[in-house]
Amino acid sequence: MKKYDFSKIEKKWQGEWKKSGIYEPSLKSGKTAKRKPFYNLMMFPYPSAEGLHVGNMYAFVGSDIYGRFKRMEGYDVFEPIGLDGFGIHSENYAIKVGMHPLAQSKISEKRFYKQLEMIGNGFSWNERVETYNPNYYRWTQWVFIEMWKRGLAYRKKQAVNWCPSCKTVLADEQVVGGACERCSSKVIKKELEQWSFRITRYADKLLKNLDHIDWSERVKIAQRNWIGKSEGTEIEFKISNSTKTLKVFTTRPDTLFGATYMVVAPEHEIISNFKFQISNYNEVEKYVKASREKSEEERVENKEKTGVELKGIKAINPANKKEIPIFAADYVLSGYGTGAIMAVPAHDERDFDFAKKFNLPIVVVISNGKTSESLTEAYIGDGELVNSGELNGLSVEDAKRKITNYVGGKFTTQFRLRDWVLSRQRYWGAPIPMIYCEACARLGMGEQKEMPGWYAEKEKNLPVLLPKVKEFRPKGKDESPLASVKSFYKVQCPVCKNDARRETDVSDTFLDSAWYFLRYPSVSDTKHAWNNSITKQWLPVNMYIGGAEHSVLHLLYSRFVTMVFKDAGLIDFEEPFTRFRAHGLLIKEGAKMSKSKGNVVNPDEYIKRFGADTLRTNLMFLAPFEQGGDFRDAGLIGVARFIERVWRLGQTVIEKKNKKPLCERAIHKAVKKVTEDIESLQYNTAISALMICLNEIEGKEVSVKEFELFLQLLAPFAPHITEELWSELGNKKSIHISGWPTYDPKKIIEENFMLVVQINGKVRATVDARRGINENDAKTMALGLETIKKFINNSEIKKVVFVPNRIINFVV
RNA sequence: GCCCGGGUGGUGAAAUGGUAGACACGAGGGACUUAAAAUCCCUUGCUGGUCAAACGGCGUGCCGGUUCGAGUCCGGCCCCGGGCACCA
């Protein structure tokens with residue numbers, strides 16, 4: 001019998017597939033072609049580390065299986081791949097290995113594409129995208145300009161997240177628990193002028209659309225939380241002896257009578273506006289400075305409240321007209337609401353802590369059985385209003401409405417979501433295509449009134465090429481290394497022709513990946529970011545599979561960018577990904593795979609030892625795909641045996657060429673199960689169904705037709721071996737475009753089944769019964785059993801529960 | 001603290017409210033072999049019982065409930081993994 005030489009077979013078919021182009025869809029004809037387009041997308045990798053690890057492969061194979069399934073179902077599947085190679089991650093790696101990022105990118109590219117080929121995915125290789133490639137980032141820059149044109153890109157001095165180790169600004173979404181997402185250094189706040197995108201303008205739509213898109217629920221929940229909508233009231237507090245007011249946002253206006261003091265964020269403008277009225281201004285200034293220098297983590301770690309009173313000014317509670325003190329404290333955030341709050345210590349935990357520490361009055365206004373004196377913690381719950389004048393006796397809900405109207409408050413909505421800070425003070429990214437002219441700025445000239453002096457680079461001048469420079473390392477001077485490259489930044493003002501300066505920051509990597517799915521099918525179009533006719537046929541993406549860690553980064557940014565393009569009339573859909581599924585995390589010995597832990601598994605050696613087909617199938621077999629699991633060598637051997645057995649059975653089938661179908665039921669059962677399981681990404685049970693099927697048909701006289709059906713079911717998981725056996729059986733066309741098997745429900749039904757006989761819900765016997773047996777016959781049959789007779793023992797049968805084709809239960 | 005997952009044999013896991021542990025790994029036993037590897041067959045939740053069995057009891061993190069019947073539904077708790085976190 002011929003030996004199963006997987007490395008030869010896999011190499012052979014990978015070559016054949018490339019040659020025949022079976023994974024290249026007809027992008028241009030798309031919908032007019034016989035096969036319907038299906039855009040099957042997976043998240044492209046950062047080519048930064050030593051190569052793909054088995055966790056990447058897990059994600060890609062899981063996505064590929066779905067794509068292969070759809071292709072066999074008759075869709076024209078587009079499954080592109082590329083490299084998200086711009087950005088800090090890749091740059092840091094290049095620095096670490098002492099290479100220039102550009103040179104390193106070429107090395108990584110080769111290695112990654114080779115590895116990606118080895119895993120046997122049905123990639124559409126002709127449409128690769130590398131984000132660091134000028135003919136790609138040219139359009140990333142164009143995207144920036146489109147944002148700018150619509151007033152969605154702006155530059156502003158603001159407190160931003162700064163990573164002292166990466167020496168750059170980070171977006172809110174890139175700060176994880178007060179630390180840098182990439183290097184885990186503590187992030188500090190810095191006042192800098194930065195480019196941002198107004199993603200907050202789309203907060204409502206980003207939230208609302210979540211209700212109708214077919215995405216993994218956990219990702220939708222993460223986005224909902226991140227966007228963080230809360231409904232409340234804006235109330236103005238008068239400042240004594242002043243015409244100025246202090247505005248607050250609160251979700252609990254009903255507790256207004258309990259507001260015994262106010263707090264503003266250290267950055268609040270009231271501090272400088274009342275500089276001369278604040279008698280302890282020096283002390284206040286000291287506090288403001290200290291809190292600014294605190295790292296995010298220090299603020300988070302230390303929940304002990306700090307603050308300082310703004311002595312000399314008071315606010316007036318509009319409900320009871322009492323004068324109350326104003327504090328500055330860093331537990332109030334400048335970026336949320338109005339940056340100021342009314343503090344109700346009796347009914348807010350944070351205010352309670354602060355009031356206790358600073359000895360401030362606590363007034364209970366929602367009845368909860370405690371008095372203001374006996375309260376030991378803030379009461380957040382519902383109740384009837386007390387100590388609240390006319391509001392007494394009202395419910396929380398009624399009081400909210402009444403008091404808001406009474407004090408002239410405004411019902412508003414606040415979002416937790418912040419604008420997307422886009423500038424990065426690094427080298428390896430797409431230069432932001434903007435030009436600043438001081439002369440024009442002085443005259444108030446520029447493309448946008450609120451930002452004098454700024455001009456977007458002309459489209460014909462794109463790309464603004466990233467110059468190849470020796471000094472590419474971050475300098476830590478709040479500016480990019482490009483700020484020292486005169487030939488890069490020195491330009492002529494496009495309007496007044498005076499000397500002008502090009503923006504030297506580069507854009508966040510997440511801008512590169514926010515629109516790449518639009519580029520893939522249109523890579524051949526050199527004149528546009530995307531080709532309208534192709535885009536109409538192929539987008540939005542039908543199925544997107546990727547990691548849940550991108551819930552509030554890439555997946556949110558992509559939705560935002562898509563919405564902007566839709567509103568601009570550039571595309572005709574609003575959501576980029578019709579379906580999104582988050583795969584689980586592949587871990588190793590209970591821990592996340594990471595280089596620092598030294599538990600990264602390289603797939604190459606496994607492919608070498610067992611073959612890609614075995615590794616693919618094993619990865620999908622070890623646990624439910626959407627749950628993830630622990631990668632161990634142990635299970636591999638089981639799958640390797642299974643694949644070997646398929647090979648041996650294949651050889652017998654080829655030799656004997658049986659025509660008579662003898663295994664129909666086993667095969668049809670497998671068709672049903674595998675079809676349903678792949679559609680719902682339950683690959684582990686699909687594989688188990690194939691194993692059960694093989695166990696049944698092995699050793700029997702399997703017909704060629706039956707075995708072919710089996711191969712087709714296995715093909716998405718093990719594309720090479722199935723293709724080899726398929727072709728040895730004499731098929732000329734590839735198995736991967738051979739169609740998906742259907743089953744005949746009649747052939748699955750078995751004539752007999754095991755009738756379970758229970759007494760009081762306990763299984764007491766089983767008996768072989770005819771399918772479709774009625775209650776009476778089942779009863780007679782069951783009562784005739786010796787064991788049942790014994791258990792019933794002449795007791796009265798009170799009730800009989802009969803579930804057709806399953807159980808009969810006697811209640812005695 | 002809040003929001004998601006999850007807790008089932010020695011292990012990975014499976015189970016429309018209807019025989020818990022499919023499938024696989026591991027382990028034990030056997031066949032083949034001079035031997036080993038590979039392959040094939042049998043056993044394998046715990047426990048009582050017995051030479052063996054028949055036949056029982058107990059079992060899905062814990063406590064309670066609904067139901068003829070609960071891993072699955074409801075209420076309350078504990079533990080593990082992940083995310084968010086002073087968002088007013």
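For the numbers below, each heavy atom of this structure counts, side chains included, while hydrogens, waters and symmetry mates do not. Every chain is numbered from 1, with letters handed out A, B, ... down the list of sequences.
In this structure, A:Tyr331 does not reach the B:rA88 phosphate: none of its side-chain N or O atoms is under 4.0 Å from OP1 or OP2. Dashed line: the shortest gap from a side-chain N or O of A:Gln627 to OP1 or OP2 of B:rG12 is not under 4.0 Å.
Contacts of A:Phe791 with the nucleic acid, taken as non-hydrogen atoms under 4.0 Å apart, involve only primed sugar atoms and P, OP1 or OP2. Nucleic acid contact class of A:Phe621 (heavy atoms, under 4.0 Å, all strands): base. A:Val763 comes within contact range of the sugar-phosphate backbone alone, with a heavy-atom separation under 4.0 Å but no base atom that close. Among the protein residues, A:Ser230 comes within range of the sugar-phosphate backbone only, with heavy atoms under 4.0 Å from sugar or phosphate atoms but none that close to a base. Looking at heavy-atom distances under 4.0 Å, A:Glu217 makes no contact with the nucleic acid at all. Using a 4.0 Å heavy-atom criterion, one finds that A:Leu636 contacts no nucleic acid atom at all. Base contact: A:Ile341 has a heavy atom under 4.0 Å from a base atom. Using a 4.0 Å heavy-atom distance criterion, A:Ala222 is classed as making no nucleic acid contact. Within 4.0 Å of A:Lys762, counting heavy atoms only, lie sugar-phosphate atoms of the nucleic acid but no base atom. Nucleic acid contact for A:Asp351: none, since no nucleic acid atom lies under 4.0 Å from a heavy atom of the residue. Within the 4.0 angstrom heavy-atom criterion, no nucleotide atom of any strand lies near A:Arg224.
Interatomic distance, A:Asp351 CG to A:Met262 CE, rounded to the nearest 0.5 Å: 11.0 Å.
Closest contact between the side chain of A:Asn225 and the listed nucleotides B:rA85, B:rA13, B:rC3 involves B:rC3. Nearest to the side-chain atoms of A:Arg645 among the listed nucleotides B:rA88, B:rU19, B:rC40 stands B:rC40. In the set B:rU16, B:rC23, B:rA88, B:rC23 carries the atom at the smallest distance from any side-chain atom of A:Ser688. Comparing B:rC23, B:rA14, B:rG18 by their nearest atom to the side chain of A:Thr685 picks out B:rA14. In this structure, of B:rG57, B:rC23, B:rC86, it is B:rC23 that holds the atom nearest to the side chain of A:Met691. Candidate nucleotides B:rC23, B:rC86, B:rA88 were compared by shortest atom distance to the side chain of A:Lys305, and B:rC86 ranks first. Proximity note for A:Leu622 (side chain, C-beta onward) versus B:rA20, B:rG12, B:rC23: the nearest is B:rG12. Listed nucleotides B:rC58, B:rG56, B:rC23 differ in distance to A:Lys790; the shortest reach to its side chain belongs to B:rG56. Nearest to the side chain of A:Met754, among B:rU19, B:rU11, B:rG18, sits B:rU19. Distance from the side chain of A:Trp226 is smallest to B:rC84 among B:rC84, B:rG69, B:rU19.
Nucleotide B:rC58 forms a pair with B:rG45, judged by Watson-Crick or G-U wobble geometry with both contacts under 3.5 Å. Across the strands present, B:rG21 finds no partner; the criterion is a Watson-Crick or G-U wobble pair with both atom distances under 3.5 angstrom. Of all nucleotides present, only B:rG1 satisfies the Watson-Crick or G-U wobble test against B:rC84, with each distance under 3.5 Å. B:rA13 is unpaired under the criterion used here, namely a Watson-Crick or G-U wobble arrangement in which both key atom distances are under 3.5 Å. With a 3.5 Å ceiling on both atom-pair distances, B:rU72 lacks any Watson-Crick or G-U wobble partner.
Across B:rG59 and B:rA70, the matching C1' atoms stand 14 Å from one another, rounded to whole Å. Annotation: B:rG28 and B:rC46 have their P atoms spaced 15 Å apart (nearest Å). B:rU67 and B:rG12: their C1' atoms are spaced 33 Å apart (whole Å). Atom P of B:rA24 sits at a distance of 16 Å from the matching atom of B:rA15, rounded to the whole Å. Distance check on atom P: B:rC25 versus B:rU43 gives 15 Å, rounded to whole Å. Rounded to a whole angstrom, the distance from the C1' atom of B:rU60 to that of B:rG45 is 11 Å. B:rG61 and B:rG49: their P atoms are spaced 28 Å apart (whole Å). On the P atoms, B:rC74 is 30 Å away from B:rA85, given to the nearest whole Å.
Between the C1' atom of B:rA14 and the CZ atom of A:Phe625 lies a distance of 19 Å, rounded to the nearest Å. Taking atom CG on A:Asn695 and atom P on B:rC25, their separation rounds to 10 Å, with Å as the unit. Put simply, CG on A:Asp254 is 14 Å from P on B:rA88, counting in whole angstrom units. In this structure, the CD atom of A:Glu626 is 12 Å from the C1' atom of B:rG5, given to the nearest Å. Protein atom CZ of A:Phe610 is 15 Å distant from nucleotide atom C1' of B:rA24, rounded to whole Å. Atom CZ of A:Arg641 and atom C1' of B:rC40 are 11 Å apart (whole Å). Atom CG of A:Leu690 and atom C1' of B:rA24 are 13 Å apart (whole Å). Atom pair A:Asp353:CG and B:rA85:P shows a separation of 20 Å (rounding to whole Å applied).
Between A:Arg201 and A:Asp419, no side-chain nitrogen of the basic residue sits less than 4.0 Å from a carboxylate oxygen of the acidic one, so the salt-bridge criterion is not met.
A cation-pi geometry, defined here as NZ or CZ lying under 6.0 Å from the six-membered ring centre and within 45° of its normal, holds between A:Arg764 and A:Phe791. Under a cutoff of 6.0 Å and an axis angle of 45°, A:Arg581 and A:Trp215 do not form a cation-pi pair.
Panel note: side chain A:Ser388, backbone A:Leu385; no donor-acceptor pair is recorded below 3.5 Å. Formation of a donor-acceptor pair under 3.5 Å by the A:Asn317 side chain with backbone atoms of A:Ala259 is found in this model.
Along RNA chain B, the nucleotide nearest A:Asn760 and the nucleotide nearest A:Arg218 are compared for position; the residue whose nucleotide lies closer to the 5' end is A:Arg218. With the nearest nucleotide of RNA chain B identified for both A:Phe810 and A:Ile221, A:Ile221 has the one nearer the 5' end.
Ring centers of A:Phe631 and A:Tyr606: under 6.0 Å apart, within the cut-off. Aromatic pair A:Phe327/A:Phe358: centroids less than 6.0 angstrom apart. Residues A:Phe354 and A:Tyr331 bring their aromatic ring centres within 6.0 Å.
In terms of polar N and O atoms assigned as donor or acceptor, the side chain of A:Glu349 never comes within less than 3.5 Å of the base of B:rG1 in a complementary pairing. Contact annotation: side chain of A:Arg764 to base of B:rU19, donor-acceptor pair absent below 3.5 Å.
By the rule that a glycosidic angle within 90° of 0 means syn, B:rG82 does not qualify and counts as anti.
Just one of A:Phe621, A:Phe625, A:Tyr683 meets the ring-ring contact (aromatic ring centres under 6.0 Å, His included) condition when paired with A:Tyr58; it is A:Phe625.
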